[in-house]
There are 2 protein chains.
Amino acid sequence: MPRRHDPGRRQRIIDAAIRVVGEKGLAGLTHRTVAAEADVPLGSTTYHFATLDELMVAALRQSNESFAKVTAAHGGLTDPDTDLAAELAALLGEWLSGERAGVELEYELYLAALRRPALRPVAAEWADDLAERLAHRTDPVTVRALIALLDGICLQVLLTGTSYDEAYAREVLSRVIPAGP
Amino acid sequence: MPRRHDPGRRQRIIDAAIRVVGEKGLAGLTHRTVAAEADVPLGSTTYHFATLDELMVAALRQSNESFAKVTAAHGGLTDPDTDLAAELAALLGEWLSGERAGVELEYELYLAALRRPALRPVAAEWADDLAERLAHRTDPVTVRALIALLDGICLQVLLTGTSYDEAYAREVLSRVIPAGP
DNA sequence: CGCCGTTATGTACGCTCGTACACATGGGAT
DNA sequence: ATCCCATGTGTACGAGCGTACATAACGGCG
């Protein structure tokens, strides 16, 4: 009976949950699969996360934070002298080229939020966070449009399996942004 | 033992499946729930659709056809003299205001296609169909961008629960379309 | 050092699921 | 009229699920 009193176990369970969703999809996320992936007994996952919704929320929130880090690293977003469309296209490229699992988790939970009200506020955090950053660069209508377009582009990449075309993204994003003064 | 030799039973099962997804979500789609909704014995659903994937494909395909009918009714889409952005915004409004169940089914199966390869070609039909219609009106890059934007707007409406703003959609769609000659 | 609440563990229960399969049935070809 | 096969039906099985719970180990605290 090794590894009693394992601090950070909760965190390891969350990491395992993200891996599971990345490999088997959201439908494959169960207490048991997570327990196996994290190499902990079944009771351990149910102890730290009484319900599956709790675990999903924790995983989605962590994925959100990971995305927030990527955006924060892109200081150009808030710098009014940069090309906003280019910055957004680069940001999306970085995100998509990085951990595919994170992107898929994001979108799977995104859609799961349609049916599970518990997930909705967390799912909205992604868009809200980005909207807040963009608010300083352009008007609210444009912000909403940019986010919708980013979502749509992401979806196309994920669904059609085509690789991400940054130049294309930059071009169409720039069309949405009204011409400057 | 009434109702032996029930022609059109297969169709009734598909209709029931669409209703089930609309009410309980894709996760609630099982042979048993569909059988109950269609008021047929369990064995009947497994006879007509050996696997759940088959049933999903049939339901998604029917939903696609229903959408195709709506677009076909909008003759203005192919008429080069109409305002393309306005036509698309109106089309989306009609679709969203219509059967909510159909829209949600479309998007739930859309995302399910991420994990179930069997669904992918059917999921792509929606976009392909629309793309084909739009090909006569503008260039391929713009077509892709328009579809991505439509997807993103739909997603925002479904997820945030906000009502569809047609004027907003028309505005941002028009920005994507390059100025005419 | 001993106590106690937090953390960890293993097992068991009740449920739903997909699927298989043996059997009934009826209509169309002969 | 008879036969045959596509169609329809009911049941059973094994697997996996969420959850509950009794019990064990641990570590901080008096």
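In what follows, chains carry the letters A, B, and so on, assigned in the order in which the sequence lines appear, proteins first and then strands, with residues in each chain numbered from 1. Below, each value reflects all heavy atoms present in this structure, side chains not excepted, and no hydrogens, waters or symmetry copies.
- For A:L26 and D:dC17, the CG to P distance is 14 Å, given to the nearest whole Å.
- A donor-acceptor pair shorter than 3.5 Å cannot be found between the side chains of A:R10 and A:S44.
- What separates NE2 of B:H31 from P of D:dT11 is a distance of 19 Å, to the nearest Å.
- By the 4.5 Å heavy-atom criterion applied to side chains, A:L88 and A:L149 are not counted as neighbours.
- Annotation: side chain to side chain donor-acceptor pair (under 3.5 Å) contacts of A:T46 (sequence neighbours excluded): none.
- Summarising the geometry, the separation between CZ on B:R116 and C1' on C:dG18 is reported as 12 Å, rounded to the nearest angstrom.
- Counting to the nearest Å, the C1' atom of D:dC17 and the CZ atom of A:R32 are 6 Å from each other.
- Of the N and O atoms on the side chains of A:T142 and A:D139, at least one donor lies less than 3.5 Å from an acceptor on the other residue.
- Regarding contacts with the backbone of D:dT9, a side-chain N or O of B:R9 is found under 4.0 angstrom from either OP1 or OP2.
- For B:R133, the salt bridge (Lys or Arg N to Asp or Glu O under 4.0 Å) partners at least two apart in sequence or on another chain are B:D129.
- For CZ of A:R116, the number of neighbouring non-hydrogen atoms (other residues, nucleotides, ligands) closer than 6.0 Å is 12 at most.
- Using a 4.0 Å cutoff on non-hydrogen atoms, the parts of residues 41-56 of chain A near DNA chain D are A:L42, A:T46, A:A50, A:T51, A:L52, ordered by number.
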